[in-house]
Participant: 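There's a structure below that I have some questions on.
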Amino acid sequence: MRVLLTGAAGFIGSRVRAALEGAGQEVVALDVMLPAAHGRGAQAPAETHLVDVRDAAALAPLLDGVDVVCHQAAVVGAGVNAADAPSYGSHNDYGTTVLLAEMFAAGIDKLVLASSMVVYGQGRFDCPDHGRVDPLPRTRADLDAGEFEHRCPTCGAPLQWRLVGEDEPLRPRSLYAASKVAQEHYALAWAEATGGSVLALRYHNVYGPHMPRDTPYSGVAAIFRSELENGDVPRVFEDGGQMRDFVHVDDVAAANLAAVESPLTGFEAFNVCSGRPISIIEVATELCEIRGAAPPVVTGQYRSGDVRHIVASPKHAAERLGFRAAVDPRDGLREFAFAPLRT
């Protein structure tokens with residue numbers, strides 16, 4: 001197959017490219033090389049087209065003969081304030097609409113879309129007495145008092161996190177999350193209008209070699225690594241008990257390969273996760289121990305709007321896509337402790 005891969009020079013995109021080419025797929029690679037993602041002056045890899053997906057005239061010729069589009073390109077991060085909204089809306093959402101329109105014009109009917117766990121918002125919770133509960137946002141008063149867990153709005157008891165399935169409501173809580181939900185909605189509408197197929201891959205916390213450092217694209221694992229390399233120790237927000245699913249970048253690449261080669265039709269979303277929950281304090285502690293550093297510092301500080309727990313179910317991806325993560329986070333983090341990072 002001939003696959004158009006956007007964001008092909010990025011942390012994830014470059015590994016997706018390697019997986020596709022390793023499986024014998026022909027890859028048409030493009031990347032706009034945003035400085036925020038790649039650093040100023042970064043050079044695009046060989047045979048990578050310097051094209052912005054928002055530029056329909058430049059994009060159209062690259063779609064000739066393409067069978068599948070694998071769309072990784074995006075501006076990421078939580079968003080500092082409302083001033084960031086136009087960037088997310090332009091790159092992520094407008095860019096996706098241009099891509100979908102040009103795919104339609106070229107007769108291409110399959111899209112693999114890089115989505116994110118952030119579409120779920122604050123995840124899924126149960127109360128021991130009242131069952132499944134949609135918790136209210138945590139209050140500043142509770143956070144200031146060190147009460148970090150969500151509480152049942154009926155009885156006030158601490159709630160228990162549960163695995164999030166793909167059928168959970170989409171409730172974005174950041175500008176970036178809103179843009180990813182919009183991407184999925186545009187892709188869903190396109191699939192229904194054209195009869196095309198969309199496989200939306202909801203990445204959880206991706207980490208691995210050549211992860212960018214000290215940028216909005218870094219992620220918490222790379223931030224901890226940078227702190228260690230600067231002679232400091234990781235500074236962990238809240239009490240460190242936040243639960244996440246860390247998935248290795250090579251597993252993410254494998255999920256993309258499975259999606260590209262899948263015969264599934266229509267619109268379908270999949271969690272791309274390890275299926276092995278781990279707390280933020282465990283991640284920080286693992287990196288410190290492997291590097292022989294002092295333990296992490298739990299600050300008790302918090303960021304307004306942060307999600308307490310978000311942990312995914314891998315079941316649907318295993319059953320429908322045939323994807324199962326191969327790397328246990330505790331093994332992957334041992335490798336990551338000394339793996340090269342992008343500067």
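For the single chain, residues carry numbers from 1 onward in sequence order. Remember, predicted model here, so these are calculated numbers, not experimental data. The analysis underlying the following values was restricted to heavy atoms, covering all of them including side chains, and did not include hydrogens, waters or symmetry mates.
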Participant: Looking only at heavy atoms, which two atoms of Asp245 and Ser274 are closest? And how far apart?
Facilitator: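 That would be OD1-N, 2.6 Å.
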
Participant: Side chains of Cys273 and Pro314: does their closest heavy-atom pair fall under 4.5 Å?
Facilitator: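 In contact.
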
Participant: Is the closest side-chain donor-acceptor distance between Arg202 and Tyr120 under 3.5 Å?
Facilitator: yes

Participant: For atom CZ of Arg244, decide whether the heavy atoms of other residues, nucleotides or ligands shown that lie under 6.0 angstrom number more than 12.
Facilitator: yes

Participant: Could you see if Val16 belongs to whatever hydrophobic cluster contains Phe323? Use Ile, Leu, Val, Met, Phe, Trp, Tyr and a side-chain cutoff under 4.5 Å.
Facilitator: yes

Participant: Consider only side-chain heavy atoms of I, L, V, M, F, W and Y, link residues closer than 4.5 Å, and tell whether Leu30 and Met103 are in one cluster.
Facilitator: yes

Participant: List the atom of Ala114, the atom of Gln183, and the distance in Å for their closest heavy-atom pair.
Facilitator: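 Looks like O-OE1, 4.0 Å.
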
Participant: From the options Leu100, Val198, Leu113, select the one residue that forms a side-chain contact (heavy atoms from CB on, under 4.5 Å) with Tyr186.
Facilitator: Leu100

Participant: Do the side chains of Val206 and Leu201 join up, straight or via other hydrophobic residues, at under 4.5 Å, putting them in one cluster?
Facilitator: yes

Participant: Under a plain distance cut-off of 3.5 Å, with no hydrogens placed, do Tyr203 and Asn271 share a side-chain donor-acceptor pair?
Facilitator: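 No - no donor-acceptor pair under 3.5 Å links their side chains.
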
Participant: Contact between Asp109 and Thr194 at the side-chain level, heavy atoms closer than 4.5 Å - yes or no?
Facilitator: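 No, their side chains stay 4.5 Å or more apart.
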
Participant: For the NZ atom of Lys180 and the OG atom of Ser174, what is their distance to the nearest 0.5 Å?
Facilitator: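 Atom-to-atom, Lys180:NZ and Ser174:OG are 11.0 Å apart.
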
Participant: If you define the side chain from C-beta out and look only at heavy atoms, does anything of Arg342 sit under 4.5 Å from Arg213?
Facilitator: no

Participant: Decide yes or no for Val283 and Ile278: does some side-chain heavy atom of the first lie under 4.5 Å from some side-chain heavy atom of the second?
Facilitator: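 Sidechains of Ile278 and Val283: in contact.
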
Participant: Checking side chain to side chain donor-acceptor pair (under 3.5 Å) for the pair Tyr302/Asp144: CA distance, chi angles, key distance, verdict?
Facilitator: CA-CA 8 Å; Tyr302 62 87; Asp144 286 340; 2.6 Å; yes

Participant: Would you call Val297 and Pro234 a side-chain contact if the rule is heavy atoms closer than 4.5 Å?
Facilitator: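 When only atoms from C-beta onward are counted, Pro234 and Val297 do not touch, as no gap falls below 4.5 Å.
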
Participant: Taking atom SG of Cys127 and atom CZ of Arg151, what is their separation to the nearest 0.5 Å?
Facilitator: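 Atom-to-atom, Cys127:SG and Arg151:CZ are 11.0 Å apart.
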
Participant: In plain terms, say whether Asp134 and Arg171 are close enough for a salt bridge, that is, a side-chain N and a carboxylate O under 4.0 Å apart.
Facilitator: yes

Participant: What do you reckon, are the aromatic ring centroids of Tyr207 and His248 less than 6.0 Å apart?
Facilitator: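 Ring centroids of Tyr207 and His248 are less than 6.0 Å from each other.
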
Participant: Give a yes-or-no answer on whether the side chains of Gln72 and Asp31 include a donor-acceptor pair shorter than 3.5 Å.
Facilitator: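 Per modelled atom types, Gln72 and Asp31 side chains form no pair under 3.5 Å.
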
Participant: Salt bridge check, Arg235 against Glu227: does any charged N sit closer than 4.0 Å to a carboxylate O?
Facilitator: no

Participant: Would you check, one step at a time, whether the test side-chain contact (heavy atoms from CB on, under 4.5 Å) holds for Leu63 with Ile108?
Facilitator: CA-CA 8 Å; Leu63 290 167; Ile108 302 166; 3.6 Å; yes

Participant: Supply the atom-to-atom distance Ile310 CD1 to Arg173 CZ, rounded to the nearest 0.5 angstrom.
Facilitator: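 If we round to the nearest 0.5 Å, Ile310:CD1 and Arg173:CZ are 10.5 Å apart.
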
Participant: Just by distance, with hydrogens left out, do Thr285 and Glu282 show a side-chain donor and acceptor under 3.5 Å apart?
Facilitator: no

Participant: Step by step, work out the side-chain contact (heavy atoms from CB on, under 4.5 Å) result for Val118 and Val181.
Facilitator: CA-CA 9 Å; Val118 297; Val181 170; over 6 Å; no

Participant: Which ILVMFWY residues can you reach from Leu159 by hopping between side chains whose heavy atoms are under 4.5 Å apart?
Facilitator: Phe125, Val133, Trp161, Leu163, Met243, Val311

Participant: Taking C-beta and beyond as the side chain, do Val249 and Met211 meet within less than 4.5 Å on heavy atoms?
Facilitator: no

Participant: Side-chain contact, heavy-atom cut-off 4.5 Å: Val298 with Ile281?
Facilitator: yes

Participant: Do other residues, nucleotides or ligands put more than 12 heavy atoms under 6.0 Å from the CZ atom of Phe338?
Facilitator: yes

Participant: What are the two closest heavy atoms between Val28 and Leu62, and how far apart are they?
Facilitator: CG1-O, 4.0 Å

Participant: Checking side-chain contact (heavy atoms from CB on, under 4.5 Å) between His309 and each of Gln160, Gln122, Glu149, which is the one that passes?
Facilitator: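 Testing each of Gln160, Gln122, Glu149 against His309, the sole residue satisfying side-chain contact (heavy atoms from CB on, under 4.5 Å) is Glu149.
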
Participant: If you round to the nearest 0.5 Å, how far is CG of Leu199 from CZ of Phe267?
Facilitator: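 Answer rounded to 0.5 Å: 9.0 Å.
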
Participant: Side-chain donor-acceptor pair under 3.5 Å between Thr48 and Arg17, yes or no?
Facilitator: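 Judged by distance alone, the side chains do pair up.
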
Participant: Please step through salt bridge (Lys or Arg N to Asp or Glu O under 4.0 Å) for the pair Glu102 and Arg54, ending with a clear verdict.
Facilitator: CA-CA 10 Å; Glu102 294 305 313; Arg54 299 172 296 178; over 6 Å; no

Participant: Compute both the distance and the angle, then confirm whether Arg225 meets the cation-pi test with Phe336: under 6.0 Å from the six-membered ring centre, within 45 degrees of the axis.
Facilitator: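 Flagged: Arg225 positioned over aromatic ring of Phe336.
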
Participant: Around atom CG of Asp142, are there more than 12 heavy atoms from other residues, nucleotides or ligands closer than 6.0 Å?
Facilitator: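 Buried by this count: over 12 neighbours within 6.0 Å.
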
Participant: Quick test of your reading of the model: are Asp67 and Arg2 salt-bridged, counting only N-O distances below 4.0 Å?
Facilitator: no

Participant: To the nearest 0.5 angstrom, please state how far the CG atom of Asp251 sits from the CG atom of Asn256.
Facilitator: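 Atom-to-atom, Asp251:CG and Asn256:CG are 11.5 Å apart.
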
Participant: Do His316 and Phe270 make the cut of ring centroids closer than 6.0 angstrom?
Facilitator: yes

Participant: For the pair Phe148 and Leu143, evaluate side-chain contact (heavy atoms from CB on, under 4.5 Å) and give the outcome as yes or no after the intermediate values.
Facilitator: CA-CA 6 Å; Phe148 299 119; Leu143 294 170; 3.7 Å; yes

Participant: For His130 and Thr154, which I'm curious about, is there any donor-acceptor pair between the side chains at under 3.5 Å?
Facilitator: no

Participant: Compare every heavy atom of Asn92 with every heavy atom of Val75, then report the nearest pair and how far apart it is.
Facilitator: N-OD1, 2.7 Å

Participant: Are a donor atom and an acceptor atom from the side chains of Glu261 and Gln25 found within less than 3.5 Å of each other?
Facilitator: yes

Participant: Begin from the C-alpha positions of Arg334 and Asp331 and carry the test side-chain contact (heavy atoms from CB on, under 4.5 Å) through to its verdict.
Facilitator: CA-CA 5 Å; Arg334 282 192 283 273; Asp331 297 329; 2.2 Å; yes

Participant: Taking C-beta and beyond as the side chain, do Leu34 and His91 meet within less than 4.5 Å on heavy atoms?
Facilitator: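 Counting from C-beta outward, Leu34 and His91 do come under 4.5 Å.
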
Participant: Quick check against the 3.5 Å criterion: does Lys110 have a side-chain atom that pairs as donor or acceptor with the backbone of Gly196?
Facilitator: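 Pair absent, no side-chain N/O of Lys110 close to backbone of Gly196.
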
Participant: Could you tell me which non-hydrogen atom of Leu287 sits nearest to which non-hydrogen atom of Leu333, and how far apart they are?
Facilitator: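 Looks like CD2-O, 3.7 Å.
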
Participant: What is the minimum heavy-atom distance between Ile290 and Ala337, and which atoms define it?
Facilitator: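 Smallest interatomic distance, heavy atoms only, reads CG2-CB, 3.5 Å.
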
Participant: Report the distance from atom CD of Glu147 to atom CZ of Arg138, rounding to the nearest 0.5 Å.
Facilitator: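 Output value for this atom pair is 11.0 Å.
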
Participant: Give the C-alpha distance, both sets of side-chain angles, the deciding distance and a yes or no for salt bridge (Lys or Arg N to Asp or Glu O under 4.0 Å) between Arg162 and Asp126.
Facilitator: CA-CA 7 Å; Arg162 295 288 184 253; Asp126 285 350; 3.0 Å; yes

Participant: For the residue pair His71 / Thr96, report whether a side-chain donor-acceptor contact shorter than 3.5 Å exists.
Facilitator: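 Short answer, yes.
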
Participant: Going only through I, L, V, M, F, W and Y residues with side-chain contacts under 4.5 Å, is there a path from Val3 to Leu99?
Facilitator: no

Participant: I'd like to know if the side chain of Ser226 and the backbone of Ala222 have a donor-acceptor N/O pair within less than 3.5 Å.
Facilitator: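 Side chain of Ser226 to backbone of Ala222: a pair is present.
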
Participant: Where the side chain of Ser90 meets the backbone of Ser87, is there a donor-acceptor pair that is under 3.5 Å apart?
Facilitator: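 No, the answer is negative, given that no donor and acceptor are paired below the 3.5 Å cut-off.
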
Participant: Are Leu5 and Val51 connected into the same hydrophobic cluster when the rule is that any two of I, L, V, M, F, W, Y join if their side-chain heavy atoms are below 4.5 Å apart?
Facilitator: no

